[in-house]
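For reference, the structure is listed below as structure tokens.
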Amino acid sequence: MTAGEEKTEQQIPIEGEDITPKKDGGVLKLVKREGKGDGTPMTGDKVYVHYTGVLLDGTKFDSSRDRDEYFTFDLGKGEVIKAWDIAVATMKIGEVCQIICKPEYAYGSAGSPPKIQPNATLVFEIELFEIKAEDLTEDEDGGITRQIRKKGESYSKPNEGASVEVHLEGKYQGTVFDSRDVSFIIGEGEEVDIPAGIEKALLEMEKGEEAIISLKPKYGFGEAGKPKFHIPSNACLVYEVVLKNFEKAKESWEMNIDEKLEQAAIVKEKGTANFKCGKYKQATIHYKKIVSWLEHETGLSEELLKQSNALRLAAHLNLAMCYIKMDESLQAVENCEKALQLDANNEKALFRMGEARLAMNDYELAKANFQKIVQLYPNKAAKMQIGICQKKIKEQLDREKKIYAKMFPKFTSTDAKEVPKTKSEKDAAVEEENKENLDEGGKGEPMETDTNHKSQELDASA
């Protein structure tokens, strides 16, 4: 016996309820302390337990309590022995139970040397402390969680653009507001009143799967709510979803260049339609497809390359506009940079990059964008933006001076004494002042705002 192992004088009695699906006696469960409530964990839930494992003769081979930390795993994902996936799925919070596991539900004929011999029957005492639903968000912010009531039929899942058939039932504060069978294309769910969070969840579901999907407001109907369903602003929602069937969309590698160009033109129009309706998030989904299909294409003929670049340029420009509307300035700048890689002096890309940088308080960089536009094009809106940038820069400098004065008061009196300028310095200052006046629209020329200028419109080319 190794250090730390314990042995009782009598063999542990074989007793408990058979909880195996096959009723073959492979896992026997004996409840030692009842849990609370009616809820038990579902497939995909993260569970937190303490356990102690012993052999039939009482020899202890492992214990999370000895380590003084919970053992966690995702239920039903094959991360633990079969007996555990079966047994913990029957437990309630606070429950303590004993399970006796035959070898085929534990470590089988291989065992787990040196502590567990081949074909060993194992006994575990398990206590369940916490259940957390599976988090489907990229940021793991708990905004979309899933509990699988019934596993699907295969490992295949829908992809972006797939046609899906689902049954869903949406609840708000326990009241059903939407119950129906519906078919739609993933990425276009908003057109049939499907929240973005449900579309995201469907990408992780298998055919025949039944799941409970919980959505925080940003993944549901957000601040706008859904008057059609009497859903208020910032509502948390719960959906019961069954993925009845689906047909995957063609992946990029399955399409030739002619198919990609044809589909890109189609989704571009869909994106523009979404944008005009104020559905900016939905619009970005369509524009991103164009980029993913075409950005890595090589060896194209001159004509096909021209078509591809025109569609990619339009996609990046329109993505930038969408991100500006959604106050996601960094993504707007990134798409403008990619547009400028395709067309170095593109007026719309320069203008939108300037707008995004202005929103990010990068006034000098924004000013440089607008100045380049003015050098290349007769754009009155850009001239006006230069004036705004100069005003912001001056305000920023004034704030910095005030902060400096508070931090270093004894130096400010010295700094305040103006050193007389030489004649050349005075001439340079006058020249710079005249230059700034010209940047703002030209001396004696009123500044005009051209709010309908083409640089502020969606790119409808290609």
Side-chain angles (χ1 to χ4, degrees), residues 160-161 185-188 190-191 249-252 255-357 359 369-370 372-373 376-379 381-382 385 450-462:
E160 195 72 53
I185 294 173
I186 292 183
E188 301 177 12
E190 190 174 354
E191 296 176 8
K250 276 190 174 182
E251 299 285 1
S252 178
M255 295 189 286
N256 60 38
I257 185 59
D258 291 326
E259 289 176 307
K260 289 180 181 179
L261 291 171
E262 180 183 7
Q263 289 302 309
I266 291 171
V267 299
K268 177 174 171 291
E269 294 306 315
K270 289 181 178 179
T272 301
N274 282 135
F275 182 91
K276 290 178 178 178
C277 295
K279 300 175 181 178
Y280 307 123
K281 189 69 175 178
Q282 294 301 109
T284 64
I285 292 172
H286 294 298
Y287 296 137
K288 284 179 181 177
K289 287 180 184 178
I290 299 172
V291 175
S292 68
W293 289 336
L294 300 175
E295 67 178 340
H296 299 303
E297 284 293 328
T298 58
L300 301 180
S301 67
E302 184 177 347
E303 178 59 30
L304 291 177
L305 181 61
K306 182 179 178 182
Q307 292 179 45
S308 175
N309 285 349
L311 283 162
R312 286 172 60 201
L313 178 61
H316 285 303
L317 290 171
N318 294 348
L319 278 167
M321 179 62 90
C322 288
Y323 285 126
I324 287 171
K325 293 289 187 182
M326 295 189 292
D327 295 322
E328 297 180 20
S329 300
L330 183 59
Q331 290 93 326
V333 170
E334 289 173 354
N335 277 279
C336 288
E337 288 173 342
K338 290 178 180 178
L340 290 170
Q341 289 173 9
L342 295 165
D343 180 2
N345 294 323
N346 186 274
E347 186 177 7
K348 293 177 182 178
L350 289 167
F351 195 95
R352 290 170 195 174
M353 183 179 279
E355 285 186 301
R357 284 174 165 169
N369 288 134
F370 295 126
K372 185 169 183 179
I373 295 171
L376 297 169
Y377 308 102
N379 189 317
Q385 294 291 68
D450 185 3
T451 54
N452 294 316
H453 193 275
K454 64 182 179 180
S455 63
Q456 296 174 308
E457 299 171 354
L458 276 185
D459 192 328
S461 59

Separation between [atom1] of [X] and [atom2] of [Y], rounded to the nearest 0.5 Å:
X      : Y      : atom1 : atom2 : result
Asn379 : Leu350 : CG    : CG    : 10.0 Å
Cys322 : Lys279 : SG    : NZ    : 13.5 Å
Leu330 : Arg357 : CG    : CZ    : 10.5 Å
Asn346 : Phe351 : CG    : CZ    : 13.0 Å
Asn318 : Phe275 : CG    : CZ    : 7.5 Å
Glu262 : Ile266 : CD    : CD1   : 5.0 Å

Working for side chain to side chain contact (heavy atoms under 4.5 Å, CB included), residues Asn274 and His286: CA-CA 9 Å; Asn274 282 135; His286 294 298; 3.2 Å; yes
side-chain hydrogen bond (donor to acceptor under 3.5 Å, both in side chains) partners of Glu191, counting only residues at least two apart: none
Residues forming a side-chain hydrogen bond (donor to acceptor under 3.5 Å, both in side chains) with Lys306, sequence neighbours excluded: none
What I'd like to find out is whether the side chain of [X] reaches to under 4.5 Å of the side chain of [Y], using heavy atoms alone.
X      : Y      : value
Ile285 : Val267 : no
Ser329 : Ile324 : no
Asn345 : Leu340 : no
Arg312 : Val291 : no
Asn335 : Tyr323 : yes
Asn309 : Leu305 : yes
Ile373 : Gln385 : no
Tyr280 : Met321 : no

Where do [X] and [Y] come nearest, in terms of heavy atoms and distance?
X      : Y      : answer
Lys372 : Ala344 : NZ-O, 3.9 Å
Leu313 : Ala339 : CD1-O, 3.5 Å
Ala264 : Ile290 : O-CD1, 3.5 Å
Ala356 : Val333 : CB-CG2, 3.6 Å

Salt bridge (charged side-chain N to carboxylate O under 4.0 Å, His left out) contacts touching residues 325-341 (sequence neighbours left out): none
Pair listing, salt bridge (charged side-chain N to carboxylate O under 4.0 Å, His left out) test, anchored in residues 280-291, at least two apart: none
Could you give the side-chain donor-acceptor pairs of residues 295-303 under 3.5 Å, partners two or more places apart or in another chain?
unit_1 : atom_1 : unit_2 : atom_2 : d
Glu297 : OE2    : Lys260 : NZ     : 2.4
Ser301 : OG     : Leu304 : N      : 3.3
Glu303 : OE2    : Gln307 : NE2    : 3.4

All salt bridge (Lys or Arg N to Asp or Glu O under 4.0 Å) counterparts of Glu190, not counting sequence neighbours: none
Check: Tyr287/Ser292 side-chain N/O donor and acceptor closer than 3.5 Å: no
Test item: Gln282 side-chain N/O and Gly187 main-chain N/O as donor-acceptor pair under 3.5 Å: yes
Worked verdict on Lys250 versus Gln263 for side chain to side chain contact (heavy atoms under 4.5 Å, CB included): CA-CA 11 Å; Lys250 276 190 174 182; Gln263 289 302 309; over 6 Å; no
